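Notes follow once the structure below has been shown.
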Amino acid sequence: MLQDNYKKVEEHIAAACMRAGRDRSEVTLIAVSKTKPVEMLREVYEAGARIFGENKVQEICEKYDKLPSDVSWHMIGHLQRNKVRQVIDKVALIHSVDSYRLAQEISVQAQKRGLTIPILVEVNIAGEESKFGISADDTIQLVEEISLLPNLRIQGLMTIAPIVSDPEDNRAYFRQIKQLSVDIKNKNIDNVCMEILSMGMTGDYEVAIEEGATMVRVGTGIFGARNYSNKA
Ligand SMILES: *Cc1c(COP(=O)(O)O)cnc(C)c1O
């Protein structure tokens, strides 16, 4: 069943790329496996998934050794500074950097291990109070500040769009953050590239792809609904 879900999402991604005149290779699917047991991750791995997205440090640490080593783990959730140390050598990309202080801690821990960590800056594009992320207005300044830190590389932006029943309602937000990433790219800031735009979830990833997403983060569409009261 999970394999069918995964194939369906793949098909929808391919169709959205086609509509947008984009090559399928321009969009990377992140299978968001938070709260799901490793058996389910293995099934989705068998279907072809190689990148899993998690939002808790503890879950990454628990699952890390239980999947094949060609899996990459992406941290997509709010990251506390005191937990950076535990995940820094396990994650291929941190999507959720939204403050200078967090970036600084990642930089310090990366230096200690001789790593260079790819990161995205999380933008609260709709200005929702309930969400993490820097405001669109403050993004360029934060990117400039973080770009000076050693052992980090800013590879793009990430956003979590509002929960809507009609994905079309998020199209304008996706367009806005795409424009923001183009504006930043045009500034040619040292140590910053804007090749990744992480946006779009189960409800709206097709619209996000049409508006330029290069990474989509799909959980429910692959793994089914999450049950937070009965966590694995
Ligand atoms: C949970 C989560 C997702 C996946 O959401 P679905 O609606 O289940 O696809 C994507 N991105 C982030 C940051 C998440 O926390």
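Whatever order the structure lists them in is the order used to number ligands and atoms, beginning at 1. Since the structure is predicted, the reported quantities are computational estimates derived from the model, not experimental observations.
Salt bridge status for Lys131 with Glu128: present, with a side-chain N to carboxylate O gap under 4.0 Å. Using a 4.0 Å cut-off between charged side-chain N and carboxylate O, Glu59 and Lys34 make no salt bridge.
In this structure, the side-chain hydrogen bond (donor to acceptor under 3.5 Å, both in side chains) partners of Ser135, at least two apart in sequence or on a different chain, are Asp138. With sequence neighbours excluded, the residues satisfying side chain to side chain contact (heavy atoms under 4.5 Å, CB included) with Ala92 are Ser72, His74.
Contact atoms of ligand 1 toward Val218: 9 (O) (distance under 4.0 Å to a heavy atom of the residue). Near Arg217, meaning under 4.0 Å from any of its heavy atoms, are these atoms of ligand 1: 4 (C), 9 (O), 10 (C), 11 (N), 12 (C), 13 (C). For ligand 1, the atoms lying closer than 4.0 Å to a non-hydrogen atom of Thr220 are 6 (P), 7 (O), 8 (O), 9 (O). Close contacts between ligand 1 and Lys34 involve ligand atoms 1 (C), 2 (C), 3 (C), 14 (C), 15 (O) [criterion: under 4.0 Å to a heavy atom]. Remark: ligand 1 atoms within the under-4.0 Å shell around heavy atoms of Thr202 are 6 (P), 7 (O), 8 (O), 9 (O).
Considering backbone and side-chain N/O of Gly219, one or more are found under 3.5 Å from N/O of ligand 1.
Counting heavy atoms closer than 4.0 Å to ligand 1, residue Arg226 contributes side-chain atoms (C-beta onward) but none from N, CA, C or O.
In this structure, the protein non-hydrogen atom closest to atom 5 (O) of ligand 1 is Met201 CE, 3.5 Å. With respect to atom 12 (C) of ligand 1, the closest heavy atom belonging to the protein is Ile76 CD1, 3.5 Å.
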When you look at Val9 and Val216, which way does the side chain to side chain contact (heavy atoms under 4.5 Å, CB included) test go after all the steps?
-> CA-CA 10 Å; Val9 171; Val216 292; over 6 Å; no
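There is a side-chain donor-acceptor pair under 3.5 Å between Gln109 and Arg113. Side-chain contact annotation: Tyr45 with Asp70, donor-acceptor N/O pair under 3.5 Å present.
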